[in-house]
Amino acid sequence: MKKILITGGAGFIGSHVVRLFVNKYADYQVYNLDKLTYAGNLENLTDVEQKSNYHFVLGDITNESFVFELFQKEQFDGVIHLAAESHVDRSITDPNEFVVTNVLGTVNLLNAARTLWKGKEEGKRFYHISTDEVYGTLGEEGMFTEETSYDPHSPYSASKASSDHFVRAYGDTYGLPVIISNCSNNYGPNQFPEKLIPLFINNIRYNKPLPVYGKGVNVRDWLYVEDHAAAIDVIYHNGPNGETFNIGGHNEWKNIDLIRVLCKVMDDKLGRETGTSEKLITYVTDRAGHDLRYAIDSSKLQRELGWKPSLQFEEGIEKTVEWYLSNQKWLDGVTSGNYQKYYEKMYGSR
Ligand code: NAD
Ligand code: DAU
């Protein structure tokens with residue numbers, strides 16, 4: 001019987017990781033520690049909440065004594081750390097929150113693990129979930145490998161880069177059994193509609209403008225969220241201590257091209273004439289420090305641990321749109337209240 005702590009399990013990616021671990025490993029006790037910020041939502045986990053190997057802990061990773069006492073009480077065998085402030089635009093308006101949660105929160109977890117696992121590191125694992133944004137931006141050519149130097153440009157990516165450095169430093173200094181993965185853009189069910197794909201799905205539902213930053217030429221490398229969760233499973237169980245793995249789907253899209261595909265799928269599913277949603281495209285002021293292109297080389301993960309993405313993008317985007325349209329109550333729930341204030345601050349009242 002193993003006890004695993006998953007932080008940020010009520011968020012987008014975390015909820016898919018929790019579901020996978022609870023369903024796949026009946027002999028694990030899975031603890032989901034989440035503060036339930038605006039991005040955390042227990043409705044993401046209604047299908048597993050009654051399972052006897054699932055436990056929810058409401059709490060804040062920035063609270064040092066709380067984190068330490070939880071580790072002391074539960075004696076975890078492993079940690080999969082996803083809790084974070086995750087939205088680049090919010091990091092531009094409120095960077096401090098990102099330093100506190102992403103850097104200090106991570107260090108609190110590292111301190112608790114190193115203290116309680118001291119002399120008992122065998123079989124333990126501290127797995128830190130990070131992003132390809134730590135590598136900065138690419139030009140027209142090339143891909144991020146595990147050897148690419150860090151060069152973050154947003155307060156979000158700077159805070160994630162800092163947390164990655166702390167994780168590696170704790171491995172080197174204290175012999176903590178750490179492992180890190182850096183993944184590209186995820187999409188799929190349960191993503192909070194501040195990120196491109198669910199934001200645009202929600203706007204198309206209400207015939208609201210689709211705010212494309214700059215000229216729409218930035219490129220992102222998209223991975224279906226369940227494929228990220230599957231990679232996390234493989235890395236958690238089979239990746240050697242001290243290693244880094246890049247995760248990505250070889251699926252690069254220029255924003256404007258992806259948005260056109262999304263508009264077409266939405267028109268089909270909503271029974272609207274093709275071209276209706278594209279008319280909502282509105283070019284707006286570019287994001288400050290906007291990275292031009294991300295592309296992940298995940299060949300190390302594929303070669304060494306045998307992972308590969310299961311879905312082609314065309315299938316993934318169809319599944320994603322279908323999920324949001326079949327779960328409009330979920331969308332309405334998360335876009336009521338404070339979401340409207342956020343939206344007005346970011347995009348004006350249009
Ligand atoms: P998310 O914003 O959807 O979820 C974050 C979760 O963390 C929420 O449930 C929130 O309540 C929780 N949380 C925030 N602050 C907390 C605190 N102080 N204490 C406890 N819980 C707290 O994020 P996501 O998109 O699911 O990303 C999860 C992780 O994966 C992050 O570390 C992110 O950097 C990384 N990542 C995300 C992507 C992506 O495309 N979304 C890609 C690569 C890596
Ligand atoms: O690359 C991994 C990262 O992907 C994760 O670490 C982050 O947590 C996640 O938020 C995501 O960051 P991005 O900034 O790439 O994702 P976002 O969905 O915010 O934006 C995707 C692209 O779309 C980006 O080039 C900006 C653009 N965009 C975004 C929004 C919200 C627009 O043009 N208009 C918008 O309204």
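Every number for a ligand or one of its atoms is a count from 1 in the order of the listing.
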Engineer: So that I know where these two stand, are Phe313 and Trp222 an aromatic pair - ring centroids less than 6.0 Å apart?
Structural biologist: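 No, the ring of Phe313 stays outside the 6.0 Å limit from the ring of Trp222, centre to centre.
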Engineer: Pairs of nitrogen or oxygen atoms closer than 3.5 Å, one from Phe12 and one from ligand 1: do any exist?
Structural biologist: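 There is such a contact, yes.
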Engineer: Verify whether one side chain among Lys160 and Ser86 offers a donor that lies under 3.5 Å from an acceptor in the other.
Structural biologist: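 Judged by distance alone, the side chains do not pair up.
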Engineer: Run down the list Arg293, Lys195, Lys254 and name the one with the heavy atom closest to atom 10 (O) of ligand 2.
Structural biologist: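 That would be Lys195.
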Engineer: Is the closest heavy atom of His290 to ligand 2 under 4.0 Å?
Structural biologist: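 Yes, His290 has a heavy atom closer than 4.0 Å to ligand 2.
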Engineer: Could you say whether the N/O atoms of Lys35 and ligand 1 ever approach to under 3.5 Å?
Structural biologist: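 Yes.
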Engineer: With nothing but distance in play, are any N or O atoms of Val88 less than 3.5 Å from an N or O of ligand 2?
Structural biologist: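 Not met; the criterion fails.
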Engineer: Can you find an N or O of Ile61 that's nearer than 3.5 Å to an N or O of ligand 1?
Structural biologist: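 Yes, since at least one N or O of Ile61 sits under 3.5 Å from an N or O of ligand 1.
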Engineer: Applying salt bridge (charged side-chain N to carboxylate O under 4.0 Å, His left out), can you list everything that pairs with Glu322, at least two apart in sequence or on another chain?
Structural biologist: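 Once residues adjacent in sequence are excluded, the partners of Glu322 under the salt bridge (charged side-chain N to carboxylate O under 4.0 Å, His left out) criterion are Lys269.
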Engineer: Ignoring hydrogens and angles, state whether a donor on the side chain of His153 or Thr137 is under 3.5 Å from an acceptor on the partner side chain.
Structural biologist: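 Looking only at side-chain atoms, Thr137 and His153 do not form any donor-acceptor pair under 3.5 Å.
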Engineer: I'd like to check which ligand 1 atoms, numbered from 1 as shown, lie under 4.0 Å from a non-hydrogen atom of Ala83.
Structural biologist: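 Counting from 1, the qualifying ligand atoms are 7 (O), 21 (N), 22 (C).
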Engineer: Between Leu196, Asp132, Asn185, flag the one that comes closest to atom 16 (O) of ligand 2 by a heavy atom.
Structural biologist: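 The option holding the nearest heavy atom is Asn185.
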Engineer: Considering only non-hydrogen protein atoms, determine which one is nearest to atom 28 (C) of ligand 1 and report residue, atom name and distance to 0.1 Å.
Structural biologist: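 So the nearest neighbour among protein heavy atoms is Leu82 O, 3.5 Å.
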Engineer: Assess, by modelled atom type and distance only, whether the side chains of Tyr294 and Asn218 contain a donor and an acceptor separated by less than 3.5 Å.
Structural biologist: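 Side chains of Tyr294 and Asn218: no pair found under 3.5 Å.
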Engineer: With respect to Val212, determine whether any N or O atom, backbone or side chain, lies less than 3.5 Å from an N or O atom of ligand 2.
Structural biologist: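 No, there is no polar N/O contact under 3.5 Å.
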Engineer: Look at the aromatic rings of Trp330 and Trp323 and report parallel, tilted or perpendicular, splitting at 30° and 60°.
Structural biologist: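 Rings of Trp330 and Trp323: perpendicular, as their planes differ by over 60°.
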Engineer: Return yes if a side-chain donor-acceptor contact under 3.5 Å exists between Asn241 and Arg125, otherwise no.
Structural biologist: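 Result is yes, a qualifying pair exists.
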Engineer: Please compare Glu194, Arg287, Met346 and report which has the shortest non-hydrogen distance to atom 17 (P) of ligand 2.
Structural biologist: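 Looking at heavy atoms only, Arg287 sits closest to atom 17 (P) of ligand 2.
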Engineer: Take the angle between the ring planes of His290 and Tyr213 and call it parallel below 30°, perpendicular above 60°, tilted in between.
Structural biologist: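 The arrangement is perpendicular - the two ring planes meet at more than 60°.
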Engineer: So is Asp89 polar-close to ligand 2, meaning N/O to N/O under 3.5 Å?
Structural biologist: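 Checking ligand 2 against Asp89, no N or O pair falls under 3.5 Å apart.
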Engineer: May I ask you to identify, for Asn182, whether its side chain, its backbone, both or neither come under 4.0 Å of ligand 1 on a heavy-atom basis?
Structural biologist: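 No part of Asn182 comes within reach of ligand 1.
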Engineer: Is it the side chain, the backbone, both or neither of Tyr156 that has a heavy atom closer than 4.0 Å to ligand 1?
Structural biologist: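 Side chain only.
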Engineer: Please check this pair: side chain of Asn182 against backbone of Thr131, looking for a donor-acceptor N/O pair closer than 3.5 Å.
Structural biologist: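 Yes: the side chain of Asn182 pairs with the backbone of Thr131.
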Engineer: Phe21 vs Tyr28 aromatic rings, parallel, tilted or perpendicular, using cut-offs 30° and 60°?
Structural biologist: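 Correct class here is tilted.
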Engineer: Does Ser86, backbone or side chain, put an N or O under 3.5 Å from an N or O of ligand 1?
Structural biologist: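 Yes - when backbone and side-chain N and O of Ser86 are compared with those of ligand 1, one distance drops under 3.5 Å.
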Engineer: If we count only N and O atoms by modelled type, under 3.5 Å, do the side chains of Thr244 and Asn246 hold a donor and an acceptor together?
Structural biologist: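 Note: Thr244 and Asn246 side chains miss the donor-acceptor criterion.
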Engineer: Among Tyr187, Tyr213, Trp253, whose heavy atom sits nearest atom 29 (C) of ligand 2?
Structural biologist: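 Heavy atom nearest to atom 29 (C) of ligand 2 belongs to Tyr213.
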Engineer: Does any N/O atom on Asn186 come nearer than 3.5 Å to any N/O atom on ligand 1?
Structural biologist: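 Yes, since at least one N or O of Asn186 sits under 3.5 Å from an N or O of ligand 1.
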Engineer: Between Asp34 and ligand 1, does any nitrogen or oxygen pair lie at a separation below 3.5 Å?
Structural biologist: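 Yes - when backbone and side-chain N and O of Asp34 are compared with those of ligand 1, one distance drops under 3.5 Å.
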Engineer: Would you mind telling me if ligand 1 is within reach of the side chain of Lys160, the backbone, both or neither, using heavy atoms under 4.0 Å?
Structural biologist: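 Contact part for Lys160 vs ligand 1: side chain (C-beta onward).
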Engineer: Quick one: do the Lys51 and Asn23 side chains pair a donor with an acceptor below 3.5 Å?
Structural biologist: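 A donor-acceptor contact under 3.5 Å links the two side chains.
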Engineer: Tell me which one of Ile13, Val67, Thr37, Asn102 gets a heavy atom nearest to atom 37 (C) of ligand 1.
Structural biologist: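 The residue whose heavy atom sits nearest atom 37 (C) of ligand 1 is Ile13.
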Engineer: Compute whether any side-chain donor of one residue and acceptor of the other, for Asn111 and Tyr170, lie under 3.5 angstrom apart.
Structural biologist: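 Their side chains do contain a donor-acceptor pair, which is all the 3.5 Å distance test asks for.
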Engineer: Has ligand 1 got any nitrogen or oxygen that is less than 3.5 angstrom from a nitrogen or oxygen of Cys183?
Structural biologist: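 N/O-N/O distance below 3.5 Å does not exist for this pair.
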Engineer: What do you reckon, does Asn218 have a nitrogen or oxygen under 3.5 Å from a nitrogen or oxygen of ligand 2?
Structural biologist: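 N/O-N/O distance under 3.5 Å: no.
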Engineer: Classify the contact between Asp60 and ligand 1 as side chain, backbone, both or neither, using a heavy-atom distance cut-off of under 4.0 Å.
Structural biologist: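 For Asp60, the contact with ligand 1 is made by both the backbone and the side chain.
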Engineer: Among all protein heavy atoms, pick the one closest to atom 3 (C) of ligand 2 and tell me residue, atom and distance.
Structural biologist: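 Ranking protein heavy atoms by distance from atom 3 (C) of ligand 2, first comes Glu133 OE2, 2.9 Å.
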Engineer: Judging by distance only, is a nitrogen or oxygen of Asn255 under 3.5 angstrom from one on ligand 2?
Structural biologist: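 For ligand 2, there is an N or O atom that lies under 3.5 Å from one belonging to Asn255.
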Engineer: Any N or O of His228 that comes nearer than 3.5 Å to an N or O of ligand 1?
Structural biologist: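 No, there is no polar N/O contact under 3.5 Å.
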Engineer: Can you find an N or O of Trp222 that's nearer than 3.5 Å to an N or O of ligand 2?
Structural biologist: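 Among all N and O atoms of Trp222, none is under 3.5 Å from an N or O of ligand 2.
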